[in-house]
Amino acid sequence: MDLTYSKEDETFRKEVRAWLKKNLPKKDKAISDLMPHDPERVKRSKDWQHKLFDAGYVAMNWPKEYGGQDADVMRQTIVNEELTLARAPGLVGASGLTMLGPTLIQCGTEEQKRRYLPKVLTADEIWCQGYSEPGSGSDLASLTTRAELVGDEFVVNGQKVWTSNAQFSDWMFCLVRTDPDAPKHRGISYILIDMRTPGITVRPLVQMTGDAGFNEVFFDNARVPRANLVGELHQGWMVANATLFHERNMLGSTTRTQLMMQNLIRLARSHQRYGKPAAEDPLMRQKLSDLLTRVEAMKYHSYRQLTDVMHGRSPGIGAMVNKLVGTELNHDICALALEIMNSYAPLKKGAVRVIDNGTWAYEFMFTLGLVIGGGTSQIQKNIISERGLGMPKSG
Ligand SMILES: Cc1cc2nc3c(=O)[nH]c(=O)nc-3n(C[C@H](O)[C@H](O)[C@H](O)COP(=O)(O)OP(=O)(O)OC[C@H]3O[C@@H](n4cnc5c(N)ncnc54)[C@H](O)[C@@H]3O)c2cc1C
């Protein structure tokens, strides 16, 4: 594994950094000051993604014919690193870019690729993921939302839950049961649903952060054209897993974790505990070193994955390791920040004596969601032990 960047990569990084310095949304246009579902925030977020796309910094490794640049994955990695370092707003179209897009490129028809991919890139159409149901989370294949094929249309009835961003999404990639008599993995199909279809009701759910980040979605005889089926009828489980693989890869981003770790060290150096900076307390130093070691291990693991991808090898089970380690690490970093801040920890943004604007408590709650979303840690461990280590199946 070569851990150095080429001269061309370093030059490219400088270009991206200079572009970001000039083009990052100004303070008065800040996206993060607004609630995630505020229409003004959605509009500003879409404008930001469009601008980034116009500059050539979105999905650079996608094929040229679908709006990408056929660039090697290193280019997009550099852009992503620079976006994180510049604390740029997250991309509102992330589900489309990182989950639906790669899935369609892999499993979609030519017509589907040409119809949907360009608008994924520019965020003109936002996508949400309709997998989980009230009775089906970890055991996703037990889902019961029914889609009956009537002529050239599916008639969809049932309910999805925890659907992130459904309240402002234009489309949903959705798992439905099309053959109730087949074994559970073989009766599922993967369809694309226009969220403006009559018979769809979206009800936001407020989580402990105070944001309504996800929703319940109800289907009451919603009619979806058969042409919106991705892959073969009843073979949606294979398509669904392609999406899950890309999702898990996305959820374990290293740069963000490194940034959080740096912020934690800064906090430990500046915040006093028992009359001296927390970073001088031997117990705290031990906990900080433990986290720092884990961050470094994760960084090298992700370099190994990047090397695999650059050599055309699938990162395989490594993506699940990334998801498991990355999401737990982010949460543990926040937990130590709360311990350092002690009684100041629960203070919210705007409160007298609040530290770092209340970000740590917010992130502590938010990052717990990411340990669960995209498959819980327990499920990742099951998959890694069974498929990665060849251990016997659980239960
Ligand atoms: C922030 C967030 C965003 C989300 N966004 C979306 C979205 O956009 N679209 C979507 O479809 N879903 C979304 N989800 C749902 C998410 O995928 C599910 O919450 C997750 O798969 C777990 O399912 P569940 O909540 O039903 O928990 P359950 O499956 O009921 O699990 C409960 C507990 O039992 C454990 N458990 C279950 N089975 C096993 C087993 N076999 N072995 C060991 N332990 C087990 C789990 O690890 C967990 O601790 C989101 C969730 C969160 C938190």
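Along the sequence shown, the residues carry numbers beginning at 1. These values consider heavy atoms only, across backbone and side chains, with no hydrogens, waters or symmetry-generated copies. Atoms within a ligand are numbered from 1 in the order they appear, just like the ligands themselves.
- In terms of polar-atom proximity, defined here as any N/O pair under 3.5 Å, Gln378 does make such a contact with ligand 1.
- For Leu140, no heavy-atom contact with ligand 1 is shorter than 4.0 Å.
- A ring-centre distance under 6.0 Å is found for Tyr116 and Trp171.
- Between Asp139, Asn215, Asn382, it is Asn382 that holds the heavy atom closest to atom 40 (C) of ligand 1.
- Proximity of Gly374 to ligand 1 is established by a heavy-atom distance of less than 4.0 Å.
- Contact record, Cys334 with Phe364: CB-CA, 3.7 Å, taken as the closest heavy-atom pair.
- Taking the centre and axis of the six-membered ring of Tyr66, the NZ or CZ atom of Arg114 falls outside the cone set by 45° and 6.0 Å.
- Between Asp281 and the options Lys276, Lys287, Arg273, a salt bridge (Lys or Arg N to Asp or Glu O under 4.0 Å) holds for only Arg273.
- The residue from Lys43, Lys51, His50, Arg44 that alone fulfils the side chain to side chain donor-acceptor pair (under 3.5 Å) condition with Asp47 is Lys43.
- Ligand 1 has an N or O atom lying under 3.5 Å from an N or O atom of Ser138, backbone or side chain.
- Phe154 does not carry Arg223 over the face of its six-membered ring by the limits of under 6.0 Å from the centre and within 45° of the normal.
- The proximity of Thr376 to ligand 1, defined as any non-hydrogen pair under 4.0 Å, is limited to the side chain.
- When every heavy atom of Met284 is checked against every heavy atom of Ala278, the shortest pair comes out as CB-O, 3.3 Å.
- Contacts between Ile379 and ligand 1 below 4.0 angstrom, taking non-hydrogen atoms only, involve the side chain exclusively.
- Taking distance alone, with nitrogen or oxygen atoms compared against 3.5 Å, Ser132 approaches ligand 1 more closely than that limit.
- We find that Arg115 and Glu125 are joined by a salt bridge, their nearest charged nitrogen and carboxylate oxygen being less than 4.0 Å apart.
- Of the N or O atoms in Thr163, none lie within a sub-3.5 Å distance of an N or O in ligand 1.
- When the heavy atoms of Phe173, Tyr131, Phe214, Trp162 are ranked by distance to atom 1 (C) of ligand 1, first place goes to Phe214.
- Remark: ligand 1 atoms within the under-4.0 Å shell around heavy atoms of Gly369 are 1 (C), 52 (C), 53 (C).
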